[in-house]
Amino acid sequence: MTEQKISSNLVNKDATSEARELMKYLAERYGKGVLSGQQDYGNLNWINENTGRKPAVIGFDLMDYSPSRTERGAISQEIRDAIAWHQQGGIVTLCWHWNAPTHLIDEPGKEWWRGFYTDATTYDLASALAHPESQEYTLLIRDIDAIAVHLQELKDAGVPVLFRPLHEAEGGWFWWGAQGPEPAKQLYRLMYDQLVNKYELGNLIWVWNSEKPDWYPGDDVVDIVSVDVYPEAGDHSPLAKRYENLRELVNDSKIIALAENGSIPDPKKMKEQGVHWSWFCTWTGEFLKGGNHNTVAYLKEVYNSEEVITLDQLPKWSWR
């Protein structure tokens, strides 16, 4: 790996000092070990009890801040928890299971709370983007505005965020990817423009989450590339092919992360095969605690591996 090509510069020239500091650290550590990560703050104590360590990265979700959920009574404490985690010295990554702005089907099997899935909404992203005067477009912007409020709370608290919007777009199972690459890329760039230029949210490090070239929104709006991989239960291979796909996508010029996983890749095999995931982030529920994807013995081994960085091994950040 030609490490000197990996840039620590952020695409947003007005990034906060905290975001710059985090990105600099990720770039310096890249290829020298993988940061341990876990989705859902509620899993922190369980991991600590079972491995004796805590992950370096925790994944949070903006899902229940989506306006089409809040108007139906959804509440969330993800931002509060993200700030608490940041205050412990941990790294925050954020995704957004974005409930469609409108046109939720809301019938059995396609309930309103499944509204981020393509099959639970008739929302037409391509049409909305093509008609900025439409209600569908207005509501799209309303949703981004609503999320900006919460991202501002994080900025005000000095929290740099590995921000991963429109995740798994190329899969098509979420509405933002249902109509192919062009609308998804257009929406990503629209979101970047709103959050960076309108709201001046310089605390965001922009993480793209698809590996196919025709889905890539462009080097100018992406800091880190990533993919989500759920191998067969107990398959701890380093996922070399998926890593190589991303390396080719950005010509080895950006940090590469495993933004979601089931079974955790074996850190020793990663090192042997030159697979340099910046961090992994194991999904919650069965993937962590079920014993099929990751046994407790294996988790203990991973979290205590010389190749794996845990919370206690992170630097003393300037904000602490």
Side-chain angles (χ1 to χ4, degrees), residues 8 10 12 14-30 33-65 74-97 146-165 195-196 199-207 223-224 226 255 257 259-260 278-284 288 299 302-304 308-320:
S8 64
L10 291 166
N12 179 4
D14 298 315
T16 62
S17 59
E18 294 92 350
R20 290 176 198 278
E21 186 176 350
L22 174 55
M23 187 65 174
K24 185 169 181 283
Y25 170 74
L26 293 176
E28 284 170 356
R29 290 299 313 163
Y30 191 61
V34 61
L35 289 141
S36 53
Q38 177 60 48
Q39 184 70 22
D40 193 346
Y41 189 59
N43 291 314
L44 186 62
N45 289 339
W46 188 91
I47 291 177
N48 194 27
E49 285 161 15
N50 284 282
T51 69
R53 311 298 273 267
K54 291 180 180 177
V57 179
I58 286 194
F60 299 85
D61 195 335
L62 295 165
M63 178 168 73
D64 281 329
Y65 298 110
I75 51 171
S76 178
Q77 58 181 49
E78 291 287 274
I79 296 297
R80 195 185 78 191
D81 289 345
I83 292 170
W85 176 238
H86 165 77
Q87 288 167 347
Q88 293 167 61
I91 296 169
V92 171
T93 183
L94 262 185
C95 69
W96 182 15
H97 282 91
I147 290 303
V149 172
H150 300 293
L151 297 173
Q152 181 68 48
E153 290 176 59
L154 293 173
K155 184 185 174 188
D156 291 344
V159 183
V161 176
L162 297 168
F163 184 53
R164 184 173 63 102
L195 297 179
V196 169
Y199 288 105
E200 300 181 350
L201 290 163
N203 59 322
L204 307 179
I205 294 173
W206 289 79
V207 182
D223 292 305
I224 293 172
S226 68
I255 290 170
E260 287 179 27
S278 176
W279 70 88
F280 64 79
C281 192
T282 308
W283 202 249
T284 189
L288 175 66
L299 286 166
V302 167
Y303 271 84
N304 289 281
V308 175
I309 301 155
T310 49
L311 177 67
D312 55 298
Q313 295 166 310
L314 290 176
K316 194 158 174 50
W317 307 108
S318 65
W319 56 81
R320 292 198 74 209

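Counting begins at 1 with the first residue of the sequence. Below, all heavy atoms of this structure are taken into account, side chains as well, without hydrogens, waters or symmetry copies. Quantities reported herein were computed from a predicted structural model and do not represent experimental measurements.
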Apply side chain to side chain contact (heavy atoms under 4.5 Å, CB included) to the pair Leu204 and Leu195, showing each step before the final yes or no. CA-CA 9 Å; Leu204 307 179; Leu195 297 179; 4.1 Å; yes

Between the side chain of Asn203 and the main-chain N/O of Val159, is any donor-acceptor distance below 3.5 Å?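 Yes, because the side chain of Asn203 sits within donor-acceptor range (under 3.5 Å) of the backbone of Val159.
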
Under 3.5 Å donor-acceptor, Ser36 side chain and Ile309 backbone: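 Yes; at least one donor-acceptor contact below 3.5 Å.
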
If you round to the nearest 0.5 Å, how far is [atom2] of [Y] from [atom1] of [X]?
{"X": "Thr282", "Y": "Glu260", "atom1": "OG1", "atom2": "CD", "value": "10.5 Å"}
{"X": "Ile205", "Y": "Leu162", "atom1": "CD1", "atom2": "CG", "value": "5.0 Å"}
{"X": "Met23", "Y": "Asn12", "atom1": "CE", "atom2": "CG", "value": "12.0 Å"}
{"X": "Leu314", "Y": "Leu35", "atom1": "CG", "atom2": "CG", "value": "6.5 Å"}
{"X": "Ile79", "Y": "Ile83", "atom1": "CD1", "atom2": "CD1", "value": "6.5 Å"}
{"X": "Asp14", "Y": "Leu201", "atom1": "CG", "atom2": "CG", "value": "11.5 Å"}

Is there a side-chain contact between [X] and [Y] in this structure, where contact means two heavy atoms from C-beta onward sitting under 4.5 Å apart?
{"X": "Ile47", "Y": "Leu288", "answer": "yes"}
{"X": "Ile91", "Y": "Trp317", "answer": "yes"}
{"X": "Thr16", "Y": "Lys155", "answer": "yes"}
{"X": "Lys24", "Y": "Glu21", "answer": "no"}
{"X": "Gln88", "Y": "Leu44", "answer": "yes"}
{"X": "Leu154", "Y": "His86", "answer": "no"}
{"X": "Asp156", "Y": "Glu153", "answer": "no"}
{"X": "Phe163", "Y": "Leu62", "answer": "yes"}

Could you please spell out the steps behind the side chain to side chain contact (heavy atoms under 4.5 Å, CB included) verdict for Glu78 and Tyr65? CA-CA 9 Å; Glu78 291 287 274; Tyr65 298 110; 4.0 Å; yes

Could you go step by step and tell me if Ile147 and Trp96 meet the side chain to side chain contact (heavy atoms under 4.5 Å, CB included) rule? CA-CA 9 Å; Ile147 290 303; Trp96 182 15; 3.2 Å; yes

Between [X] and [Y], what is the shortest heavy-atom contact and its length?
{"X": "Arg164", "Y": "Cys95", "value": "NH2-CB, 3.5 Å"}
{"X": "Ser8", "Y": "Ala27", "value": "CB-CB, 3.5 Å"}
{"X": "Ala15", "Y": "Arg20", "value": "O-NE, 3.2 Å"}
{"X": "Tyr303", "Y": "Pro55", "value": "OH-CB, 3.5 Å"}
{"X": "Pro315", "Y": "Tyr25", "value": "CD-CE1, 3.5 Å"}
{"X": "His97", "Y": "Trp283", "value": "CE1-CH2, 3.9 Å"}

Quick one: which of Val196, Ile224, Leu10 gives a side-chain contact (heavy atoms from CB on, under 4.5 Å) with Trp206?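 With Trp206 as partner, side-chain contact (heavy atoms from CB on, under 4.5 Å) holds for just one option, Val196.
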
Ring pair (Phe, Tyr, Trp, His ring centres under 6.0 Å) partners for Trp279, two or more places apart: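 Testing Trp279 for ring pair (Phe, Tyr, Trp, His ring centres under 6.0 Å), a comparison that skips the adjacent residues, returns none.
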
Which residues satisfy the side chain to side chain contact (heavy atoms under 4.5 Å, CB included) test with Asn48, sequence neighbours excluded?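 For Asn48 the side chain to side chain contact (heavy atoms under 4.5 Å, CB included) partners, ignoring immediate neighbours, are Lys54.
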
Could I get the full list of salt bridge (Lys or Arg N to Asp or Glu O under 4.0 Å) partners for Asp312, not counting sequence neighbours?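 Listed in chain order: Arg53.
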
Apply side chain to side chain contact (heavy atoms under 4.5 Å, CB included) to Asp223 and Val207, showing your working. CA-CA 6 Å; Asp223 292 305; Val207 182; over 6 Å; no

